[in-house]
Amino acid sequence: MKNKLSKKEKLEALQILYDYFPDAKAELNFSNEFELLIAVMLSAQCTDERVNIVTSSLFKKYHIPEDYINADIKDIENEIKSLGLYKNKAKNLKKMCEILVSDFNGKVPNNRENLIKLPGVGRKTANVVMSVAFGIPAIAVDTHVHRTANRIGLVNSENVLDTEKQLMELIPKKDWSKAHHVLIFYGRRISKSRNPDCENDPIKHISLHCRKMLNLDK
């Protein structure tokens, strides 16, 4: 049974997915980099659909960092209570906004070093903000990217950081952000966590997982 892809096969699989999902993009709703940062912070262990429902109200009530700083923590909690970990997220939102104002003049920084100084912002969130808000090439590895990249055979990794590093080595820098969005679309629509649709997978002839599931190597 085939257990490893050549670089040519990996890049071919990605190109097929680029063509299959030409409109892949961030599915969180936002109108500026500050709203994007908040939406990504809220999306941890939540679907983008649920976050969009919450932020449709949240963003009408709170517009700038000072709005969150001046708000009662209970009010913020009530706005986001339908999300997982809402108490911790509300606390991080207030602290993040305080640091934005005190250290960054109320502006969202455009580099990873400063972004990850913000409470509730890890490497994945920082990469999303850099890529989507500022057009800086980055590969944000969430559960979808980690799962699909390993299933296809683009990487062979045990953790998200190694997945990111291997994808960065494989994919030309100019395509990092595109690959990130395409792999998320692929993970949400085809190679789902449970019951991946290998029968209708456009790269089933390359994907190590689908080849195994469909017995294509026999």
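Nothing here was measured: the structure is a model prediction, and the numbers come from that model.
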With the 4.5 Å side-chain cut-off for hydrophobic clustering, are [X] and [Y] part of the same group?
| X | Y | result |
| --- | --- | --- |
| M96 | V132 | yes |
| I69 | M41 | no |
| V121 | F30 | yes |
| V129 | I139 | no |
| V128 | L93 | yes |

Side chain of [X], backbone of [Y]: donor and acceptor closer than 3.5 Å?
| X | Y | answer |
| --- | --- | --- |
| D162 | E158 | no |
| N70 | E66 | yes |
| R151 | L208 | no |
| S57 | V54 | no |
| S191 | G187 | no |
| N150 | S157 | yes |
| K107 | V101 | no |
| N52 | N29 | yes |
| K124 | D142 | no |

Are side-chain heavy atoms of [X] and [Y] found at a separation under 4.5 Å?
| X | Y | answer |
| --- | --- | --- |
| N200 | I190 | no |
| K61 | D67 | no |
| T55 | L28 | no |
| L58 | L42 | yes |
| R112 | I116 | yes |
| L170 | K7 | yes |
| I152 | L5 | yes |
| N110 | L115 | no |

Pairwise distance [atom1]([X]) to [atom2]([Y]) - rounded to 0.5 angstrom:
| X | Y | atom1 | atom2 | value |
| --- | --- | --- | --- | --- |
| C97 | N92 | SG | CG | 10.5 Å |
| N111 | I136 | CG | CD1 | 7.5 Å |
| L118 | K95 | CG | NZ | 13.0 Å |
| K212 | N3 | NZ | CG | 10.5 Å |
| I80 | L85 | CD1 | CG | 9.5 Å |
| I16 | D201 | CD1 | CG | 9.5 Å |

Exercise. With distance as the sole criterion, is a donor-acceptor pair present between the side chains of K117 and N114 under 3.5 Å?
Worked result: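 The answer is yes; a qualifying pair exists.
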
Problem set entry | Polar contact flag, side-chain donor to acceptor under 3.5 angstrom, Y86-N78 |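 No.
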
Give every donor-acceptor pair under 3.5 Å between a side-chain atom in residues 172-185 and any protein atom, sequence neighbours left out.
| from | atom 1 | to | atom 2 | distance (Å) |
| --- | --- | --- | --- | --- |
| W176 | NE1 | I171 | O | 2.8 |
| S177 | OG | S131 | OG | 2.7 |
| H180 | ND1 | A140 | O | 2.8 |

For this session: Check step by step if side-chain contact (heavy atoms from CB on, under 4.5 Å) holds for L154 and Q166.
Result: CA-CA 8 Å; L154 302 179; Q166 290 179 35; over 6 Å; no

Problem set entry | Salt bridge present between K74 and E77 (N-O < 4.0 angstrom) |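 Salt bridge flag = yes for E77 with K74.
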
Exercise. Checking side-chain contact (heavy atoms from CB on, under 4.5 Å) for the pair I73/K94: CA distance, chi angles, key distance, verdict?
Worked result: CA-CA 8 Å; I73 188 71; K94 279 186 74 76; 3.4 Å; yes

Problem set entry | CA sep, side-chain torsions, deciding dist, call: K204, L214, side-chain contact (heavy atoms from CB on, under 4.5 Å) | CA-CA 8 Å; K204 63 185 177 184; L214 301 173; 3.9 Å; yes

For this session: If a pair satisfies salt bridge (charged side-chain N to carboxylate O under 4.0 Å, His left out) and one of its residues is in residues 34-55, list it, with sequence neighbours excluded.
Result: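 For residues 34-55: D48-R188.
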
Problem set entry | Sequence-distant partners of F34, ring-ring contact (aromatic ring centres under 6.0 Å, His included), two or more places apart |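 Checked F34 against ring-ring contact (aromatic ring centres under 6.0 Å, His included); matches are Y68.
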
Problem set entry | Residue pairs, two or more places apart or on separate chains, that pass disulfide (SG to SG under 2.5 Å) and touch residues 106-199 |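 Non-adjacent pairs meeting disulfide (SG to SG under 2.5 Å): C198-C210.
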
For this session: Please test E9 against R211 for salt bridge (Lys or Arg N to Asp or Glu O under 4.0 Å), starting from the C-alpha separation and ending with a verdict.
Result: CA-CA 13 Å; E9 288 173 315; R211 291 177 71 88; over 6 Å; no

Exercise. E33: what forms a salt bridge (charged side-chain N to carboxylate O under 4.0 Å, His left out) with it, not counting sequence neighbours?
Worked result: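 By the salt bridge (charged side-chain N to carboxylate O under 4.0 Å, His left out) rule, E33 matches no residue at all.
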
Exercise. At their closest point, which heavy atom of A44 faces which heavy atom of K89, and how far apart are they?
Worked result: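 Distance-wise, the nearest heavy atoms are O-NZ, 2.7 Å.
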
Problem set entry | Closest non-hydrogen atom pair between L100 and P65, with its separation |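 Closest approach of L100 to P65: CD1-CG, 4.2 Å.
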
For this session: Apply the test side-chain contact (heavy atoms from CB on, under 4.5 Å) to residues N127 and E164: give CA-CA distance (whole Å), side-chain angles for both, the deciding distance (0.1 Å), then the verdict.
Result: CA-CA 10 Å; N127 282 355; E164 181 184 341; 3.2 Å; yes

Problem set entry | D19, CG atom: more than 12 neighbouring heavy atoms under 6.0 Å |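 Check passes, neighbour count above 12.
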
For this session: Check the surroundings of atom CG in N88: do more than 12 heavy atoms from other residues, nucleotides or ligands lie under 6.0 Å from it?
Result: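 Yes, the 6.0 Å shell around CG holds more than 12 heavy atoms from other groups.
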
For this session: Kindly state each residue pair satisfying ring pair (Phe, Tyr, Trp, His ring centres under 6.0 Å) with at least one member in residues 100-159, sequence neighbours excluded.
Result: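 Applying ring pair (Phe, Tyr, Trp, His ring centres under 6.0 Å) to every pair that reaches into residues 100-159, excluding sequence neighbours, yields nothing.
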
